[in-house]
Amino acid sequence: MAGALELEAFEAAAGQSVLVVFAHPDDAEFGCGGTIALLAAAGATVFYAVATSGDKGDDEGSRTPAELAGLRKTEQRSAAAELGVSDVFFLDREDGSLFYGPELRGEVVRLIRQLKPDMVFTFDPTVVFDEYGEVNHADHRAIGLAAVDACHPFARGALCYPEQISQGLAPHRVREIFLWSTNAPNCLVEITKTLVKKSSALAMHKSQFPDPHSVQQTVIDRARSAGRLAGVEYAEPFRRIRLR
C-alpha cells in the first residue's frame, strides 16, 4: 500500500444508505465487514446485493450445486444480520459465470435506483493479482466493473435503461464508491471496535470455513497490517472515489 491514506471513521452515518455489491456469499465480510458493522451501528441503512449463489464453492464436490446454493444463502443472511445489514438481495446468477455486459450492469442499476444509496461498496475491478499475490476471481472483477459503471453514469442517466424509468425507478446519483481488494488504497477505516463482529460474521460461512480460526487469524493479521498505516490497531483499506 502506498500514497496518502485518509482515515475515515463513519461516526455520523445516520440517514445514509449503503449498497454493497459483490459476487459470492462471504465476499463482503472479507472485504468490508468491519466497515459495514460500523456504518450500521452509526445509523446507516445497509443493503447487500449478492450476484451469484456461490453454487461452485466446494472444491471437493461433497454437495450438489443446488444444495450448496441453498446453504450459502442461509449463511449469508446470518452473516449479514450479525453486521446489522437491513436486507440481502440475491441476483441468483451461476457461480463462475459472471460476465460484464448491459444485462448484469442493468441489474445493479435497478438496485441503485430502487434503494438510492449514498455509498456503494464493491471490488476494485482493475485488480487481477492482489497485494497478497492472489488471483482476483473473474466474478469479482465482473461485478466490480458492473457496479462502478452502474454508479456512473448509468444509474443517473434519464435515458439509460428507459424501461426502468417507465416502471417508476427514477435516476439516482451515488455520491461515493469504496473499492476493496485494491492495490491503490487512498482510504482506511478503523475497525478496532468491530473486528470481532467481522470475524463472527465470517464464521457464519461454515460451508467455506470448517475451521474458522484459520480464516479469522488471516483477517486479524491483514487488518493489523492495514491499521499500522494510519496508527490504529485494526483497519480496512479502500480506494475511495468521490463522484461529482
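By convention here, the first residue in the shown sequence is residue 1. Everything numeric in this text was worked out from a predicted model, so none of it was measured. What you see below is based on every heavy atom in this structure, not just the backbone, and it leaves out hydrogens, waters and symmetry mates.
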Please step through side chain to side chain donor-acceptor pair (under 3.5 Å) for the pair Gln16 and Arg175, ending with a clear verdict.
CA-CA 11 Å; Gln16 300 291 298; Arg175 291 192 297 105; 2.5 Å; yes
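- When the options His205, Arg77, Glu75 are evaluated for a side-chain contact (heavy atoms from CB on, under 4.5 Å) with Pro25, the one that passes is His205.
- Between Arg105 and Leu145, the closest side-chain pair of non-hydrogen atoms is not below 4.5 Å.
- Lys73 places a side-chain heavy atom less than 4.5 Å from the side chain of Asp92.
- Atoms CD1 and SG, from Ile241 and Cys187 in turn, are 10.5 Å apart once rounded to the nearest 0.5 Å.
- We find the CG-CD distance between Asn136 and Glu134 to be 9.5 Å, quoted to the nearest 0.5 Å.
- Side chain to side chain, Gln76 and Glu29 meet the donor-acceptor criterion of an N or O pair below 3.5 Å.
- With Trp180 as reference, Phe123 is the one residue of Phe121, Phe238, Phe123 to meet the ring-ring contact (aromatic ring centres under 6.0 Å, His included) rule.
- A salt bridge is absent between Arg72 and Asp55; no separation between the charged side-chain nitrogens and carboxylate oxygens falls under 4.0 Å.
- Distance check, rounded to the nearest 0.5 Å: OG1 of Thr126 to CG of Asn183 gives 7.0 Å.
- Screening Tyr48, Phe47, Phe89 for a ring-ring contact (aromatic ring centres under 6.0 Å, His included) involving Phe22 leaves a single residue, Tyr48.
- Ionic pairing of Glu8 and Arg242 is not present here: no N-O contact between side-chain nitrogen and carboxylate oxygen is shorter than 4.0 angstrom.
- Of the inter-residue distances, the one linking Gln217 atom CD with Ser199 atom OG reads 9.0 Å to the nearest 0.5 angstrom.
- Side-chain contact between Leu195 and Glu233: absent, with no pair of heavy atoms (C-beta onward) separated by less than 4.5 Å.
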